[in-house]
Amino acid sequence: MGEEPTWAELLLVFAVAGVIPIVIGGAVIFSLVGLTMWVTAPLRRRRRNTSDGV
């Protein structure tokens, strides 16, 4: 079979395996926040215009 991985290789594999979910989760959260801001922008704009007219 093959030789066993060194400590550096194991640490690299664990680091990559730990970073992938963080990057994907961060992208999902960033996208959801951005979409929420984009969808609610007309509501905030409308609310601000009605409060300025009072």
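Just so you know, these numbers use all the heavy atoms, side chains as well, and skip hydrogens, waters and symmetry mates.
Under the 4.5 Å side-chain heavy-atom criterion for Ile, Leu, Val, Met, Phe, Trp and Tyr, I20 and L12 are members of the same hydrophobic cluster. Hydrophobic clustering (side-chain heavy atoms under 4.5 Å, transitive across Ile, Leu, Val, Met, Phe, Trp, Tyr) groups I24 together with V16. When hydrophobic clusters are built by joining Ile, Leu, Val, Met, Phe, Trp and Tyr residues whose side-chain heavy atoms come closer than 4.5 Å, directly or via intermediates, V28 is not grouped with V19.
The CD atom of E9 lies 7.5 Å from the CD atom of E3; values are rounded to the nearest 0.5 Å.
Nearest heavy-atom pair, V39 versus P42, reported as atom, atom and distance to 0.1 Å: O-CD, 3.3 Å.
Clustering of Ile, Leu, Val, Met, Phe, Trp and Tyr side chains at separations under 4.5 Å leaves V13 isolated, with no partner residue.
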